[in-house]
Amino acid sequence: MKLTGCLQILSWTCASALFLSLAGCGSDSGSGSSDSEYSSSATATEASSGSVVGSSASTGSSASTGGSSASTAKSSSSAATETQSSDEELNAANKAVNGSCGPSSTTINKGDIATWKFYRESGDVYAQILAPFVWVFEGVSNSTVQGNGLQTVNVRYEDAGSFATYLNVDGNEIACDSIQVQGVPITVNSCVPNTLTAKAGETITWTVDATSESNITGYAWSSTYGEMTGSGASGSMSALSSMHKQNVTATVAISNADKTVVKYNCESVAVVDPESVDLVLPLGSINSSDYEYASGLVAVADSLVIPSQTATTVQVPTGAPSNCTVGCKPVNSSDYMSLQVFWDSDEALSSFAYFSPSGCAAGKKYTVTTTVATVCVVNAQ
């Protein structure tokens, strides 16, 4: 019985080892759908206002709070070692395996190791294991690394700059996404516009404050909202009527002599078209019973409410007297102490309960922004 039991245990152990070995060989790590750490869409993703864009990590608070952001790049694992070419002879290419390739982090620091991966899109996992891989790298001393089934490689970058990588897998040529190797860091302190609210036809200008121990050599401005001009520390664009009620932003890419590049999202600007009337103000009195608080709220139609933190074009109604006055109050009575009204200005009104807008008359239009949901009424007399 003891001998039989030992033989059964030995048989089970061997079978388990064989199963685990086959499972390891058949792992489908090359499938693009399961590799979440790498995206081939872009080297940078848009971040919130006042932040570094891309793989670079920001240090300190965002620009909107006056903090600084540096070009500290995401480093690869300290345990990673450089991959060497295999001594085995490359198998014959069958052109069955194809796909894409890229670095696990699109931005690293000079002297770090980057991990490159192949993501299979055609051919099966067994063909991938046998397929010949030839990796060719720019910017590294070991420029070519090859081997059968070599879907992941580690290479060290000693110099800063933007470098390309190419892969021949199973006889198919692939251009991988590039990698940005950062040198001396760039610190971005802020990127602010010349105004918080712009009217269509006006020019918005952003100015960036950035420093580095290596000379800053260039600024490249861009925006998804329109064409920008400027190659220095300031970039400009025209506010268009099509941007009405949008928060327009700009991005600046800053480079230095050590080939570090940092992309930074500037603070946004609310754009309004003065000719696109969002709200015709009611005529009456803000102190009348029509605008009294009931259960802490002013019972008015949504169409008469100026939304919080939204630049809105309002118009003085027909029947308003010349040199008319306006009164405002928050829709929610608990917001009374936090209400600020910006009436055609980046400066808040000193008094919003009773004031005289410049040129107030029937048909006059204004750009208004409030900190909380607000109702404003033009006094009939």
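Asn154 and Glu82 are not linked by any side-chain donor-acceptor pair at a separation below 3.5 angstrom, with hydrogens and angles left out of the test. Residues Asp346 and Thr195 have side chains that bring a donor and an acceptor to within less than 3.5 angstrom of each other.
Looking at every heavy atom in both residues, Val341 comes nearest to Cys328 through CG2-CB, 4.4 Å. The two residues Ala353 and Ile286 make their nearest non-hydrogen contact at O-CG2, 4.0 Å. Contact record, Asn142 with Val145: ND2-CG2, 3.7 Å, taken as the closest heavy-atom pair. Listed here is the closest heavy atom pair of Trp221 and Cys266: CZ3-SG, 3.7 Å. Closest approach of Pro357 and Cys324 over heavy atoms only: CD-O, 3.8 Å. Nearest heavy atoms, Leu167 versus Cys101: CB-SG, 4.0 Å.
Within the model, atoms CD of Glu138 and OG of Ser162 stand 8.5 Å from one another, a figure rounded to the nearest 0.5 Å. With rounding to the nearest 0.5 Å, the separation of CD in Gln182 from CG in Asp112 is 11.0 Å. Within the model, atoms OG1 of Thr106 and CG of Asp177 stand 8.5 Å from one another, a figure rounded to the nearest 0.5 Å. Rounded to the nearest 0.5 Å, atoms OG (Ser105) and CD (Gln180) are 11.0 Å apart. Here the CG-CD distance, from Leu240 to Glu227, works out to 10.5 Å after rounding to the nearest 0.5 Å. Here OH of Tyr225 is found 4.5 Å from OG1 of Thr249. Values are rounded to the nearest 0.5 Å.
Sequence neighbours left out, the pairs with a member in residues 272-285 that pass side-chain hydrogen bond (donor to acceptor under 3.5 Å, both in side chains) are His244-Asp278, Asp273-Ser276, Glu275-Lys365. Applying the ring-ring contact (aromatic ring centres under 6.0 Å, His included) rule to pairs touching residues 325-347 yields Tyr336-Phe352, Trp343-Phe355, Trp343-Tyr366, sequence neighbours excluded.
With hydrogens and angles ignored, the 3.5 Å screen pairs no side-chain donor or acceptor of Glu121 with any backbone N or O of Asn98. Remark: side-chain polar atoms of Asn265 are not paired, donor with acceptor, to backbone N or O of Thr251 under 3.5 angstrom. Using a distance-only test at 3.5 Å, with no hydrogens or angles considered, a donor-acceptor pair links the side chain of Lys95 to the main chain of Gly171. In this structure a side-chain-to-backbone donor-acceptor pair under 3.5 Å is present from Thr260 to Val184. Remark: the backbone N or O of Ala250 is not paired with any side-chain donor or acceptor of Ser223 at under 3.5 angstrom. Judged purely by atom type and a 3.5 angstrom limit, Arg156 has no side-chain atom pairing as donor or acceptor with the backbone of Val140. Side chain of Asn172 to backbone of Val97: a donor-acceptor contact under 3.5 angstrom is found. Although no hydrogens or angles enter the test, the distance criterion places no donor-acceptor pair under 3.5 Å between the side chain of Asp335 and the main chain of Ser338.
Between Gln146 and the choices Val134, Val136, Thr83, the side-chain contact (heavy atoms from CB on, under 4.5 Å) rule is met once, by Val134. Under the side-chain contact (heavy atoms from CB on, under 4.5 Å) test applied with Cys360, the options Val316, Asn323, Asn379, Thr325 reduce to a single match, Val316.
Under a hydrophobic clustering in which Ile, Leu, Val, Met, Phe, Trp and Tyr are joined whenever their side-chain heavy atoms come within less than 4.5 Å, directly or via other members, Val378 and Val305 fall into the same cluster. Phe133 and Leu90 fall into different hydrophobic clusters, where Ile, Leu, Val, Met, Phe, Trp and Tyr residues are linked whenever their side-chain heavy atoms come under 4.5 Å apart, directly or through other members. In the hydrophobic clustering of ILVMFWY residues, with side-chain heavy atoms under 4.5 Å counting as a link, Trp135 and Leu130 come out apart. Neither Val277 nor Leu281 shares a network with the other; the hydrophobic side chains, linked directly or stepwise wherever heavy atoms of I, L, V, M, F, W or Y lie under 4.5 Å apart, form separate groups for each. Cluster membership check: Leu304 shares its hydrophobic cluster with Leu339, using side-chain heavy-atom separations under 4.5 Å among Ile, Leu, Val, Met, Phe, Trp and Tyr.
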Show me the donor-acceptor pairs, under 3.5 Å and distance only, between side chains in residues 202-215 and residues at least two apart or in other chains.
unit_1: Glu202; atom_1: OE1; unit_2: Lys199; atom_2: N; d: 2.9
unit_1: Thr205; atom_1: OG1; unit_2: Ser236; atom_2: OG; d: 2.8
unit_1: Trp206; atom_1: NE1; unit_2: Glu267; atom_2: O; d: 2.7
unit_1: Thr207; atom_1: OG1; unit_2: Ser234; atom_2: OG; d: 2.9
unit_1: Asp209; atom_1: OD2; unit_2: Asn189; atom_2: ND2; d: 3.3
unit_1: Ser212; atom_1: OG; unit_2: Pro185; atom_2: O; d: 2.8
unit_1: Ser212; atom_1: OG; unit_2: Ser214; atom_2: N; d: 3.1
unit_1: Ser212; atom_1: OG; unit_2: Ser214; atom_2: O; d: 3.1
unit_1: Ser212; atom_1: OG; unit_2: Asn256; atom_2: ND2; d: 3.1
unit_1: Ser214; atom_1: OG; unit_2: Ala257; atom_2: N; d: 3.3
unit_1: Ser214; atom_1: OG; unit_2: Asp258; atom_2: N; d: 3.1

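The side-chain heavy atoms of Asp170 and Asn91, taken from C-beta on, include no pair separated by under 4.5 Å. Within the 4.5 Å cutoff, the side chain of Ile254 has heavy atoms near those of the Ile216 side chain. Put simply, the side chain of Pro330 reaches to within 4.5 Å of the side chain of Tyr293, judged on heavy atoms. Looking only at side-chain heavy atoms (C-beta outward), Glu158 and Ser141 stay at 4.5 Å or farther from each other. Proximity of Ile306 to Cys376: side-chain heavy atoms (C-beta onward) are separated by under 4.5 Å at one or more points. A 4.5 Å side-chain heavy-atom check between Val272 and Thr312 finds every atom pair outside the cut-off. Using a 4.5 Å heavy-atom cutoff, the side chains of Asn168 and Ile174 are not in contact.
Within a 6.0 Å sphere centred on NZ of Lys259, heavy atoms belonging to other residues, nucleotides or ligands number 12 at most. Residue Glu89 qualifies as open at atom CD: its count of foreign heavy atoms under 6.0 Å is 12 or below.
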